[in-house]
Amino acid sequence: MDDRGRHHHRGLGVHRGGGLLEAAAGSLFHIFAYAAIASVPHQPPLGPAMLTAAGTVVLCLLIGLSSRVHPAHRTPLTWGGVRAAWRVRLGAGERRALWLESLGYLVAAAVAGVVATIVGQLLGFGHNYWAMVAAVVPLVGHTTRHRVARGLQRILGTVVGLTVLAAIVALRPQAWAMVLLIAACQFGAEMLIARQYFLAQVCVTPLALMSTLLVVRVDPLDLLHDRFIDTVIGAAVGVAVVLAPSAWRRLRSRPVTR
């Protein structure tokens, strides 16, 4: 499958993810998971890959269920509650808002992926899915100002995170030390992602790239270069998609002069 075909299928995944009304992250994780796997040049054997994925899911479920060792002061989830939530029907206005939101995700991810692919071919770098992920980040927010701020925080947090990663790489840590650093960054990202997106990105950036450096022989400078350019492309496209509706409304409200 060529790059354009992959962008098309990723776009369809964007719409499906947006349709699930995931308020916290929208289609971000769907795009990241699908695009990252699709970008692997040599796919691993299916059996070990599925076993690893299933084992990870089971481990996460066990960790989540461990919180029930002590009684929690919250309403338990029941099948009746799940069925009641499933029977909720959206009104016409809500359906229209959902479709527009899904369209925004589709346009942002598709445009960012295409631009990153073209620029990457011209400058000689890859990882266009980083641009696609960065493009949908500004779309998660309650107000236009909040969404634009998230786009800027994505860029600034990535820059600081790349600086941190460069310092780590300069120390040339052993594999076991990198695993500990990855765990520390993961903890920091989870603690900060819902409160301070800029600081969360400072953790996410070295987390993602150290994971790559741990399993793939690649020049760290190439990863730093690619991450910065793809993040700027994606965040810029995302902010443009956020501002496009208000800019269109202002353009239409202007009186026509003859």
Side-chain angles (χ1 to χ4, degrees), residues 14 17-18 20-33 35-36 56-57 59-77 85 97 101 104-105 108-109 112 129-168 178-212 224 227-228 230-243:
V14 168
L20 295 177
L21 288 176
E22 293 168 292
S27 302
L28 190 151
F29 290 107
H30 296 82
I31 294 172
F32 175 75
T56 302
V57 171
L59 176 61
C60 293
L61 288 174
L62 291 176
I63 294 175
L65 292 174
S66 65
S67 62
R68 296 186 176 274
V69 173
H70 297 287
H73 299 284
R74 61 188 179 190
T75 303
L77 180 63
E101 189 79 7
Y105 279 100
Y129 67 91
W130 285 343
M132 298 173 69
V133 172
V136 300
V137 166
L139 305 185
V140 181
H142 300 294
T143 64
T144 300
R145 177 176 296 181
H146 182 210
R147 294 182 173 191
V148 173
R150 281 177 62 90
L152 297 177
Q153 289 174 0
R154 178 80 182 195
I155 296 175
L156 296 177
T158 297
V159 171
V160 177
L162 291 176
T163 304
V164 173
L165 177 64
I168 294 174
M178 291 188 68
V179 170
L180 293 179
L181 289 171
I182 289 172
C185 289
Q186 181 70 59
F187 176 79
E190 296 295 339
M191 294 297 293
L192 296 168
I193 194 70
R195 302 185 180 186
Q196 178 43 263
Y197 192 73
F198 165 75
L199 294 178
Q201 279 306 302
V202 175
C203 297
V204 168
T205 301
L207 163 66
L209 300 189
M210 279 193 296
S211 300
T212 301
L224 298 177
R227 183 76 173 196
F228 174 73
D230 283 328
T231 298
V232 171
I233 291 174
V237 170
V239 170
V241 171
V242 169
L243 297 177

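These numbers were taken from a predicted model, which means no experiment stands behind them.
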Would you check if [X] and [Y] make a side-chain contact, meaning some heavy-atom pair closer than 4.5 Å?
{"X": "Val133", "Y": "Arg154", "value": "yes"}
{"X": "Val148", "Y": "Leu243", "value": "yes"}
{"X": "Val140", "Y": "Tyr105", "value": "yes"}
{"X": "Thr205", "Y": "Val164", "value": "no"}
{"X": "Ser211", "Y": "Ile182", "value": "yes"}

(message) Checking Ala189 now: which residues fulfil side-chain contact (heavy atoms from CB on, under 4.5 Å) with it, not counting sequence neighbours?
(response) Cys203, Val204
(message) Applying side-chain contact (heavy atoms from CB on, under 4.5 Å), can you list everything that pairs with Ala200, at least two apart in sequence or on another chain?
(response)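 Result, side-chain contact (heavy atoms from CB on, under 4.5 Å) vs Ala200: Leu192, Ile193.
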Spacing of [atom1] belonging to [X] relative to [atom2] belonging to [Y], to within rounding of 0.5 Å:
{"X": "Leu156", "Y": "Leu199", "atom1": "CG", "atom2": "CG", "answer": "11.5 Å"}
{"X": "Gln153", "Y": "His146", "atom1": "CD", "atom2": "NE2", "answer": "7.0 Å"}
{"X": "Gln201", "Y": "Gln196", "atom1": "CD", "atom2": "CD", "answer": "10.5 Å"}

Please report the shortest heavy-atom distance between [X] and [Y], naming the atom on each side.
{"X": "Ala166", "Y": "Leu224", "answer": "CB-CD1, 4.2 Å"}
{"X": "Thr231", "Y": "Thr158", "answer": "CG2-OG1, 3.5 Å"}
{"X": "Arg150", "Y": "Pro138", "answer": "CB-CA, 4.4 Å"}
{"X": "Val239", "Y": "Gly151", "answer": "CG2-CA, 4.2 Å"}
{"X": "Cys185", "Y": "Met210", "answer": "SG-CE, 3.9 Å"}
{"X": "Ile233", "Y": "Ala112", "answer": "CG2-O, 4.2 Å"}

(request) Look at atom CZ of Phe198 and say whether more than 12 heavy atoms of other residues, nucleotides or ligands are closer to it than 6.0 Å. (result)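 Atom CZ in Phe198 is packed in, count exceeds 12.
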